[in-house]
S.K.: 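Questions regarding the structure given below will be posed in turn.
Just so we're on the same page: letters track the sequence lines, and every chain starts at 1. Every heavy atom of this structure was used, including side-chain atoms; hydrogens, water molecules and symmetry mates were not. Quantities reported herein were computed from a predicted structural model and do not represent experimental measurements.
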2 protein chains.
Amino acid sequence: MKQKNGLSIGESSKQSGVNIETIRYYEKIGVMPVPERSLSGYRLYGAGHLKRLSFVRRSRRLGFSLDEIRDLLRLVDGDAYTCAQVRKLTLDHLAEIRRKIADLKRLERVMAEMAAQCSGDRVPECAVIDALFDTRPPAAEPSGRQPPMPTATSVMRRR
Amino acid sequence: MKQKNGLSIGESSKQSGVNIETIRYYEKIGVMPVPERSLSGYRLYGAGHLKRLSFVRRSRRLGFSLDEIRDLLRLVDGDAYTCAQVRKLTLDHLAEIRRKIADLKRLERVMAEMAAQCSGDRVPECAVIDALFDTRPPAAEPSGRQPPMPTATSVMRRR
DNA sequence: TCTTGACCCTGTAGCGGCTACAGGCCCTAG
DNA sequence: CTAGGGCCTGTAGCCGCTACAGGGTCAAGA
């Protein structure tokens, strides 16, 4: 191969830092455009693809969802985006990050309090277990008003 | 029905705050024990089940994964747990929460900086887009040393 | 007695954002 | 001419649920 025009998917993966399978996945879900193919059916990428891959990767690392990235790309692709539009998406995302930080800080406080109650003894009596097993509604939920307290799941995978 | 012994799954759901389908799911994955059944095949729950459901729910809300909860329950079920063991699991979890907070704060800073660069003008030139499209490696990645920078995905679902 | 309608059952598919195969084709170096 | 790497497609798995579809069961009212 090595036709005049185009990097292989492996090469693009190395240069962009996006996993090969992920690149194909992005193509499947329409985040990346369908690329040209070599005679033997290999995908061929150009400079534009590489930039776009980096864009997606960088945005992902900043916590944008693929849906949000699609929004950004739609603006860019329409070549009619304004800075104000982009700014709005960015600020929305920033607000969400801040909410998550606040949520996690509440969790941190609760966990730290529980751990502090814990004697660390060898006895089978434990403030943490007691707190978790307590059947009364938790003190921090007076009457179901405030935000529904996130289910605090998989907060950011690592690796 | 309403046999002498046992609440229906719906009643247990209401009292514990755990969704019906989720209760069945917990049973399937072994977090909840297989309950008795009425003559017609309905699940019947007792006080022990309710406590356990609350335990799981509360732990989930504190961000424990089902795997971690299984660990906690194993300790409790073995009725040989020590406070020290529970404390360790709790502190591990706390450390993870703190890591996530730190990660999110870094993201917050980057996002805020980007947004601040943004003129908010109507022109199709935008510092955010420029930053994201920049093909050079990001400044904050000198040589691939520090922790692999989380892919910052779905940080805590909200409803 | 019959009919609603609320509840319960099982089993399967879907969400996001990938990752990891299996089973095959292609291409180059030795 | 063969060995190995790379590439291809397609499918299944991860987590922690949620939402069906297609049935059975039960209690209250007409």
S.K.: Return the set of residues passing ring-ring contact (aromatic ring centres under 6.0 Å, His included) with B:Phe55 (not counting sequence neighbours), or none when no residue passes.
M.R.: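 Once residues adjacent in sequence are excluded, the partners of B:Phe55 under the ring-ring contact (aromatic ring centres under 6.0 Å, His included) criterion are A:Phe133.
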S.K.: Looking at DNA chain D, which of residues 13-24 of chain B put a heavy atom within less than 4.0 Å of it?
M.R.: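 Of all residues in residues 13-24 of chain B, the ones placing a heavy atom under 4.0 Å from DNA chain D are B:Asn19, B:Glu21, B:Thr22.
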S.K.: If we check side-chain contact (heavy atoms from CB on, under 4.5 Å) with A:Ser13, which of these qualifies: A:Leu7, A:Ile23, A:Val18?
M.R.: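 In the set A:Leu7, A:Ile23, A:Val18, the residue that makes a side-chain contact (heavy atoms from CB on, under 4.5 Å) with A:Ser13 is A:Ile23.
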S.K.: Expressed in angstrom and rounded to an integer, what is the separation of A:Glu27 atom CD from C:dG17 atom C1'?
M.R.: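 My rounded result for the distance is 16 Å.
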S.K.: Is any side-chain heavy atom of A:Arg60 closer than 4.5 Å to one of A:Leu66?
M.R.: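 In short, these two side chains touch, coming nearer than 4.5 Å.
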S.K.: With the side chain of A:Lys28 defined as its heavy atoms from C-beta on, choose the nearest nucleotide among D:dT11, C:dG17, C:dC8.
M.R.: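 Of the options given, the side chain of A:Lys28 lies nearest D:dT11.
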S.K.: Can you tell which of D:dC17, C:dC26, C:dG17 lies closest to the side chain of A:Leu66?
M.R.: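 That would be C:dG17.
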S.K.: Is a salt bridge present between A:Lys88 and A:Asp92, judged by a nitrogen-to-oxygen distance below 4.0 Å?
M.R.: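 Yes, this pair counts.
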S.K.: Are A:Arg43 and D:dT9 close enough that a side-chain N or O sits under 4.0 Å from OP1 or OP2?
M.R.: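 Checking D:dT9 against A:Arg43, a side-chain N or O does come within under 4.0 Å of OP1 or OP2.
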S.K.: Please list all pairs passing the salt bridge (charged side-chain N to carboxylate O under 4.0 Å, His left out) test where one or both residues lie in residues 107-117 of chain A, with sequence neighbours left out.
M.R.: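 Passing the test, one end in residues 107-117 of chain A: A:Glu108-B:Arg98.
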S.K.: Can you identify which nucleotide, out of D:dC17, D:dC26, C:dC9, has its nearest atom closest to the B:Arg37 side chain?
M.R.: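 My answer, after comparing the listed nucleotides, is C:dC9.
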S.K.: Any side-chain N or O of B:Tyr26 less than 4.0 Å from the OP1 or OP2 oxygen of D:dC17?
M.R.: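 Checking D:dC17 against B:Tyr26, a side-chain N or O does come within under 4.0 Å of OP1 or OP2.
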S.K.: Could you state the atom-to-atom distance from CG of A:Leu7 to P of D:dC7 in whole Å?
M.R.: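 For the pair A:Leu7 CG and D:dC7 P, the rounded distance is 10 Å.
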S.K.: Would you kindly compare A:Ile9 and B:Ser65 by the position of their nearest DNA chain D nucleotide and give the one closer to the 5′ end?
M.R.: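 Counting from the 5' end, the first nearest nucleotide belongs to A:Ile9.
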S.K.: Would you mind reporting whether A:Arg43 and A:Glu27 have side-chain heavy atoms less than 4.5 Å apart?
M.R.: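 Answer yes - side chains close enough.
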S.K.: When you check the phosphate oxygens OP1 and OP2 of C:dC8, does a side-chain N or O of B:Ser40 lie under 4.0 Å from one of them?
M.R.: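 Answer is no, no contact under 4.0 Å.
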S.K.: Could you tell me how far apart B:Arg57 (CZ) and D:dG16 (P) are, to the nearest whole angstrom?
M.R.: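 In whole Å, D:dG16 P and B:Arg57 CZ are 17 Å from each other.
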S.K.: My understanding is that only residues two or more places apart in sequence, or in another chain, count here; which of them pass side chain to side chain donor-acceptor pair (under 3.5 Å) with B:Arg52?
M.R.: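 If we apply the side chain to side chain donor-acceptor pair (under 3.5 Å) test to B:Arg52, skipping adjacent residues, the hits are B:Asp77.
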S.K.: How many Å lie between CE on A:Met32 and P on C:dC18, as a whole number?
M.R.: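 In whole Å, C:dC18 P and A:Met32 CE are 13 Å from each other.
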S.K.: With a 4.5 Å cut-off on side-chain heavy atoms, are B:Pro33 and B:His49 touching?
M.R.: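 Touching, per the 4.5 Å side-chain cut-off.
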S.K.: Look at the side chain of A:Tyr25 and the base of C:dG16, then say whether one donor and one acceptor between them are separated by less than 3.5 Å.
M.R.: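 No, no donor-acceptor pair under 3.5 Å.
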S.K.: To the nearest 10 degrees, what angle separates the axes at the start and end of the helix from C:dT1-D:dA30 to C:dG30-D:dC1, five pairs each?
M.R.: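 The two end axes of the helix from C:dT1-D:dA30 to C:dG30-D:dC1 meet at 30°.
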S.K.: Tell me: CD of A:Glu11 to C1' of D:dC7, nearest whole Å?
M.R.: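 The answer, rounded to whole Å, is 13 Å.
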S.K.: Write down the distance between OH (B:Tyr42) and P (C:dC7), rounded to a whole number of angstrom.
M.R.: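 Spelled out: OH on B:Tyr42 to P on C:dC7 is 11 Å.
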S.K.: In plain terms, say whether A:Asp67 and A:Arg70 are close enough for a salt bridge, that is, a side-chain N and a carboxylate O under 4.0 Å apart.
M.R.: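 Result for this pair is yes, salt bridge flagged.
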S.K.: Expressed as a whole number of angstroms, how long is the span from B:Tyr45:OH to C:dC8:P?
M.R.: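 It works out to 10 Å between those atoms.
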S.K.: Roughly, in whole Å, what's the span from CD in A:Glu36 to C1' in D:dC8?
M.R.: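 Rounded to whole Å, this separation is 18 Å.
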S.K.: Going by the rule side-chain contact (heavy atoms from CB on, under 4.5 Å), which residues pair with B:Ala127 if we only count those two or more places apart in sequence or in a different chain?
M.R.: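 Partners of B:Ala127 by the side-chain contact (heavy atoms from CB on, under 4.5 Å) criterion, ordered by chain and then number, come out as B:Gln117.
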